[in-house]
A.B. asks: 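Let me begin by handing over the structure; questions about it come next.
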Amino acid sequence: VEMSGKLVKIIPLSGVFIPRRGNVVIGQVKDITFNGWMTDINTAYSSFLPVAEVPRYLDKNNLPEFMDIGDFFNAKIKGVKQKGIDLSFDSRGLGKLEGGIIVFINPNRVPRVIGKEGSMIKQIKDSTNCKITVGQNGIVWIKGESVEDELLAKKAIMLITEKPFVNGLTDKIKDFLEKESKEMKKWVNE
């Protein structure tokens, strides 16, 4: 619960992702058509990324060269219609995700993983030297310099999603990351 004057906001602890225009999501290519990619963005609706929404030249005869079945990407929801969801790469930082690991979390825990003004995710990024993209749909991409860094970031994110209601969670995650980093360095140096 978050109270601000007479306004009370309730953030549910579990639930499904409800797609909205403008959401940044992480998805996976499921099929390729003549004019784009059929994708899965962890929702009941079908989603589609048209070639026209990729801001670079693509050879329409060889779309798998750019993105193939099974590839992960981050995109923005351009529109939600009865027939499905239209996606777009037409913003900075969107596109195919290469390397790293994918983690699935409950979409309702995304605000807690990100933290107030991005504080929680920044702390994890800084402590693990990883690039982390959190999709509003509950899919997280983690790319670090080593597998150990990626797994440490994953552990921290999973800890947040298991206990999102704990007071002082930011400090607990900070302590956890410091302790785990020391343990890892000690283990690596042996």
Side-chain angles (χ1 to χ4, degrees), residues 15-111 113-115 118 120-122 124-158 161:
V16 295
F17 170 64
I18 298 166
R20 290 184 176 85
R21 188 171 194 261
N23 285 156
V24 173
V25 295
I26 293 177
Q28 186 176 30
V29 176
K30 291 297 175 189
D31 197 9
I32 302 171
T33 68
F34 69 95
N35 63 343
W37 297 266
M38 295 301 300
T39 65
D40 178 6
I41 60 166
N42 196 29
T43 185
Y45 304 94
S46 62
S47 53
F48 183 70
L49 174 64
V51 171
E53 289 299 326
V54 177
R56 61 177 266 199
Y57 173 76
L58 294 176
D59 178 3
K60 281 192 174 187
N61 297 321
N62 201 358
L63 292 181
E65 199 173 83
F66 176 69
M67 219 166 44
D68 206 353
I69 293 171
D71 287 346
F72 282 91
F73 61 88
N74 63 333
K76 187 177 276 189
I77 295 179
K78 186 171 184 180
V80 179
K81 302 174 187 162
Q82 269 187 323
K83 290 183 281 179
I85 298 164
D86 289 329
L87 302 173
S88 174
F89 278 1
D90 203 12
S91 282
R92 196 166 167 248
L94 301 179
K96 182 177 171 183
L97 299 173
E98 306 211 35
I101 60 174
I102 296 289
V103 179
F104 294 86
I105 64 172
N106 186 307
N108 290 50
R109 307 277 166 95
V110 167
V113 169
I114 293 170
M120 187 74 83
I121 201 69
K122 182 184 182 321
I124 297 169
K125 286 177 179 180
D126 293 347
S127 297
T128 61
N129 295 316
C130 288
K131 290 180 184 175
I132 303 173
T133 301
V134 182
Q136 306 255 219
N137 57 338
I139 303 175
V140 182
W141 175 71
I142 304 168
K143 172 124 169 91
E145 292 177 19
S146 70
V147 175
E148 290 81 16
D149 290 343
E150 293 173 358
L151 292 176
L152 179 57
K154 177 184 176 180
K155 267 187 183 177
I157 289 168
M158 296 316 283
T161 61

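These figures come from a predicted structure and were not determined experimentally. What you see below is based on every heavy atom in this structure, not just the backbone, and it leaves out hydrogens, waters and symmetry mates.
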A.B. asks: Does the pair Ile142 and Ile157 meet the rule for a side chain to side chain contact (heavy atoms under 4.5 Å, CB included), with working shown?
C.D. replies: CA-CA 10 Å; Ile142 304 168; Ile157 289 168; 3.9 Å; yes

A.B. asks: How long is the span from the CD atom in Glu65 to the CG atom in Asp59, to the nearest 0.5 Å?
C.D. replies: 6.5 Å

A.B. asks: So which atom in Val110 and which in Gln136 form the shortest heavy-atom distance, rounded to 0.1 Å?
C.D. replies: CG2-O, 4.1 Å

A.B. asks: For Asp40 and Ser47, which heavy atoms make the closest approach, and how far apart are they?
C.D. replies: N-OG, 3.9 Å

A.B. asks: Under 3.5 Å, is there a donor-acceptor pair between the side chain of Ser127 and the main chain of Ile124?
C.D. replies: no

A.B. asks: Is there side-chain contact between Ile132 and Val134, with at least one heavy-atom pair below 4.5 Å?
C.D. replies: yes

A.B. asks: Does some side-chain heavy atom of Val113 sit less than 4.5 Å from a side-chain heavy atom of Val140?
C.D. replies: no

A.B. asks: Is Lys81 salt-bridged to Asp86, cutoff N-O under 4.0 Å?
C.D. replies: yes

A.B. asks: Between CG of Asn106 and CG of Asn42, what distance do you get to the nearest 0.5 Å?
C.D. replies: 9.5 Å

A.B. asks: Would you say the side chain of Ile139 lies within less than 4.5 Å of the side chain of Val25, judging by non-hydrogen atoms?
C.D. replies: no

A.B. asks: Without swapping roles, check the side chain of Asp149 against the backbone of Cys130 for a donor-acceptor pair under 3.5 Å.
C.D. replies: no

A.B. asks: Rounded to the nearest 0.5 Å, how far apart are CG of Asn129 and CD of Glu148?
C.D. replies: 13.0 Å

A.B. asks: Within the 4.5 Å heavy-atom criterion, are Phe17 and Asn108 side-chain neighbours or not?
C.D. replies: no

A.B. asks: Of the non-hydrogen atoms in Ile26 and Thr133, which two are nearest, and what is the gap between them?
C.D. replies: CD1-O, 3.4 Å

A.B. asks: Are the side chains of Gln28 and Phe72 in touch, meaning some heavy atoms are under 4.5 Å apart?
C.D. replies: yes

A.B. asks: Is there a side chain to side chain contact (heavy atoms under 4.5 Å, CB included) between Asn23 and Lys76? Walk through the geometry before answering.
C.D. replies: CA-CA 6 Å; Asn23 285 156; Lys76 187 177 276 189; over 6 Å; no

A.B. asks: Nearest 0.5 Å, please: how far is CD1 in Ile32 from CE in Met38?
C.D. replies: 12.0 Å

A.B. asks: Say you draw a straight line from OG of Ser88 to NZ of Lys78; how long is it, rounded to the nearest 0.5 Å?
C.D. replies: 5.5 Å

A.B. asks: Quick one: are Met158 and Val103 in side-chain contact, heavy atoms under 4.5 Å?
C.D. replies: yes

A.B. asks: State plainly whether the residues Glu150 and Lys143 are in salt-bridge range, i.e. N to O under 4.0 Å.
C.D. replies: no

A.B. asks: Counting C-beta onward and ignoring hydrogens, is there a side-chain heavy-atom pair between Phe73 and Leu94 closer than 4.5 Å?
C.D. replies: no

A.B. asks: Working to the nearest 0.5 Å, report the span between CD of Glu53 and OG of Ser91.
C.D. replies: 9.5 Å

A.B. asks: What's the shortest heavy-atom distance between Gly36 and Leu63, and which atoms?
C.D. replies: N-CD1, 3.8 Å

A.B. asks: Give the minimum heavy-atom separation between Tyr45 and Ile85, together with the two atoms involved.
C.D. replies: CB-CD1, 3.6 Å

A.B. asks: Which heavy atom of Ile41 sits nearest a heavy atom of Asn137, and at what distance?
C.D. replies: O-ND2, 2.8 Å

A.B. asks: Look at atom NZ of Lys96 and say whether more than 12 heavy atoms of other residues, nucleotides or ligands are closer to it than 6.0 Å.
C.D. replies: yes

A.B. asks: Tell me, do Met67 and Leu49 make a side-chain contact under 4.5 Å, heavy atoms counted?
C.D. replies: yes

A.B. asks: Kindly say whether Gly99 contributes a backbone atom to a donor-acceptor pair with the side chain of Trp141 at under 3.5 angstrom?
C.D. replies: yes

A.B. asks: Classify the angle between the aromatic ring planes of Trp37 and Phe66 as parallel (below 30°), tilted (30 to 60°) or perpendicular (above 60°).
C.D. replies: tilted

